[in-house]
Amino acid sequence: MDRRLPRRKILKAAAAAIAGVSLAPRPGRAAPARGERIEAQIARMTPAEKAGQLSCFSDQIRPTGIAFNPDLPVGGAAEQLERIRRGEIGMLFNGVGVAGARMAQKAAVEGSRLGIPLVFAGDIIHGLRTIFPLPVAEACAFDPDLAERTARAAAEEATALGLHWTFAPMVDVARDQRWGRVAEGSGEDVHLGSRLAAARVRGFQGADLRDPTSLAACAKHFAGYGAVSGGMEYNFTEISPGTLREVHLPPFEAGIEAGVATIMSAFNDVEGVPASGNAWLMTRLLRGDWRFEGLVVGDYAADENLVAHGFAADGRDAARKAFLAGMDMSMQSDLFNRWLPDLVEAGEVPMAQLDEAVRRVLGLKEALGLFDDPYRSLDAAAERLRVSTPAHLALAREAGTRSIVLLKNEDDLLPLAENPGRLALIGPFANDRDNVVGTWAFMADPELNVSIAEGLAARGVGFDVARGCGIEAALDGGIEEAVALARRSDVVLLALGEAQDMSGEAQARTEITLPQPQLDLARAVLAAHPRTVVLLRHGRALALGSGVREAPAILATWFLGSQSGHAIADILFGAVNPSARLSVSFPEASGQQPFFYDRKATGRPAPEVGAQEYTARYRETRNEALFPFGHGLGYTRFALTDIRVPARMGERMEVSAVLTNTGPRDGAEVVQLYVHDRVASRTRPMRQLKGFRRVELAPEESVTVRFTLTRDDLRFWGEDGWTVEPGTIDVWLATSSRTGERRSFELD
Ligand code: BGC
C-alpha cells in the first residue's frame, strides 16, 4: 500500500539566512527592525532603480582580463562607474582586489541617489589564489568535513580580496562524463552530492553571514543541467519526473536545508520549459513547496537565451517571462534594466512582484551586513594577510592527497621505496605547471603551482625526465627518447591526461579518452618497462584505452590544485596512504555514456561472467565499469565482518559491521551503505548509496561502523508523488558500489 510521506522539513536556517533575521545585532548597536530599512528604501525607489538592483554585470572596474563567456556589451570601467551612480547595477561579479572594489562601492554609496551598497560576487568554486582540488576530485575523499574546510578557506581568501558572494557550490548531479562540467560538481551520486552540497554551503557561509570572512553561497544550476542530452553543453534535457525528484533536486534541497542564501537558475530546459523561464521550478517548487526565501539569480544571460530557446519572442518577452517565472536578478544581459520599468508601466509585471525581488536583493545585502558597513570585506590588510597563507597551502596539499584515487596496484608496486633506484618521469605533464589547477581557477596564483617534477624534487628524489609527446600532438623523436629512458630506469612514472581546458564549462567531449599521441606513448613505454605507474590528470572520469589500463599501477590524480606535485609525491612514496574512492565511474568505453552505478534494472540483465546474446550489453563490452563508483585502493587492507542487518524495519533501524585494518599500515577505509528495493511499482536502481563513513584505523585496530536507515531513505517518486512500498530490501555494507555481501530485510 502506498503511504504518502510528509514533505521534508525545511530547517529554519534556510529561511533565515537571507532575510537577515537570524543575525544578532552587533554589540553596542540597536538592531534595525526586520526589513524596516529595506522597506524604507523600496518606498523611495523608482521602477528604474528597482530594476537596477536586479541587474548584475561582469566587473570591468577590476577585470581579471580573462573572458570565459561570450562578451556582451557591458561597458568599460568608466561606464560601469557611471551606471553605478545612476543606480543601474546591484552587483558586480568576477572582479578581484580591494582597491577597485572600494572605488566601485564608493560610487554606489556616495555617488548614487539612494546610496545602496553593491554586492560583489565571483565564481569561487575551489579556491581563489590558493586552489584546492576540483570539486569532483575532492568528492572522492567522501568527507564532508574536508569539503567544508576547503570552502571555508576559499571564503577567507575571497572575502580578503573584496568578494561577498560566491556562485558555488555547483550541485548538479553529473552522470554523463562527456559533459565538461562534471569537473565542478560532486560526481554521479545523489547522496554524496547532497552531503557535500550542505558541507560546502556551511563552509562558505560560516555561522553568520555578517562575519567579514563569510561568503554567501549559491547552489547552482537549478535544475537538471547535469542531464544535458548526450553530455553536450547547453543542450536540452529529457528528465522523467521521478529522475528529477530523486536525482537532480535533492542536492538543492540539501543546500537549502543548510541555509544557502541564493540559487542560480540553469541554462537547460526541463520538460520543454527553459529552467530560467520555468515558473514551476523557480516559484511553485522553490518558493511554494520548499519555502526558499533567498535570492534567485539567473545564469549568464539565461533570460536572453529564452529567445534562442524559442520560448520568448524578443528581449522584452524574455525579461517578462524570466522575471514572472521567478528570476530575481538578471546576469549580464541588461534585460531587466531595459524592460522591467516598461513592463510594470504596461501592467504586465505587477509592482508587488518587482518589490518582492528587490526585497530579496536588499535582504542579501542586509544579511551580509552591507548596510551597516558597505566596506566589509574590503580591507587592504586582510588582502595581504589572509591569502595564500601557509595554512591554506597545507590544506590544499592535504586535500590533494585525500582526492587521489589508487585505481590499481598490482604486486604492491606502490608505494615506492624512499630510494626507488633509477626513476623516470615521462609524459606531457611531467614538468607541467600550466595544467595543475583545472577549470574555474582564473584568479589563481600561478606561482603556487607545483608540478610533479617539483613535488618529487622537494622530496629529494633523483629522476630523469622525458616528455614523450605533447598533450594532443606527437613530438618528433619523443617516443624513442621516452622508451630509451624507460629502458635504463628501475621504475617509470608516466604522467598522462587531459589539458586543463578540456573540462569545465563549454568543454563537452565526444570521446572521454586520452588523446591518441598519449596512448601511443603509453603503449610504447609499457612495452619497454613493465614497472610503470600511470599518473592520470583529468576533469572527468576517463575511458582508459589499451596501453594505459594494462599498467600495473594507476592513480587518478584529477586537477588537484596549487599543491598538486606535493600531494602526488606524498602518495607515491607512502607519506600519505591513499584513501579516496571514485565519485564517478570509469567506464570500459566512451560509448557507454551516460554511465553511472545506480542505473535501473533492465528486463534482460547481462550475466556477471561471460557474454550472452539478447541481454543488456553492447557487442563489444558488458555494461559495467572498469573502475566503479566507490572504488579505491590503499596501502593497507581492511576487512568488513560481523555485518548486522535486522530482519524487519518499521520507521528506522540500525545496520552495522566491524571494520578491521588487517594490513601493515595506518589507513582509512570508506564504508558504504547501499540499498535496492527488490519489487516496486517503479523500476528501481540496482544499488543506491544511502550512507558512508570514512574511518581511520591503525593496523589490527577494529571499530564497529553503524548506520541508521530510515523510511525516508527508501522512498521514491511514484504515481502520486513520494511513496514507500513494503517488501524486501537488499542491503550491502561494502567498500565500493560493486563489492560486498548482499543482505536483506523486510520493510513493513
Ligand atoms: C556559468 C555559471 C557562472 C556564470 C558567471 C556561466 O556561464 O554557467 O556557472 O556562475 O557563468 O561566471
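Atoms considered below: every heavy atom in the structure, side chains included; atoms not considered: hydrogens, waters and symmetry mates. Whatever order the structure lists ligands and atoms in, that order sets their numbers, starting from 1. If you're wondering where the values come from, they're calculated on a predicted model, not measured in any experiment.
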Number the atoms of ligand 1 from 1 as they appear, then name those within less than 4.0 Å of a heavy atom of [X], with their elements.
| X | value |
| --- | --- |
| Phe167 | 10 (O) |
| Asn94 | 12 (O) |
| Lys220 | 2 (C), 3 (C), 9 (O), 10 (O) |
| Trp440 | 12 (O) |

I need the contact type for [X] against ligand 1. Using non-hydrogen atoms and a strict under-4.0 Å cut-off, is it side chain, backbone, both or neither?
| X | answer |
| --- | --- |
| Arg181 | side chain |
| Tyr234 | neither |
| Met170 | neither |

Strictly under 6.0 Å, is that where the ring centroids of Phe323 and Trp339 end up? no

Flag the pair Phe629 / Phe596 as yes when their ring centroid distance falls below 6.0 Å, and as no otherwise. no

Cation over ring face, Lys321 and Phe311, 6.0 Å, 45°: yes

A cation-pi test, strictly: NZ or CZ of Arg402 under 6.0 Å from the centre of the six-membered ring of Phe142 and no more than 45 degrees from its axis. Yes or no? no

Can Phe57 and Phe93 be said to form a ring-ring contact (aromatic ring centres under 6.0 Å, His included), step by step? CA-CA 6 Å; Phe57 301 93; Phe93 65 93; 8.3 Å; no

Counting only nitrogen or oxygen atoms and a 3.5 angstrom limit, does Tyr300 reach ligand 1? no

Salt bridge (Lys or Arg N to Asp or Glu O under 4.0 Å) between Arg386 and Glu156: does it pass, once the steps are laid out? CA-CA 7 Å; Arg386 237 179 29 227; Glu156 281 165 8; 6.0 Å; no

Out of curiosity, is His221 lining ligand 1, as in a heavy atom under 4.0 Å away? yes

Can you tell me if Glu184 contacts ligand 1 (heavy atom of the residue under 4.0 Å from the ligand)? no

Working to the nearest 0.5 Å, report the span between CG of Asn337 and CD of Gln53. 10.0 Å

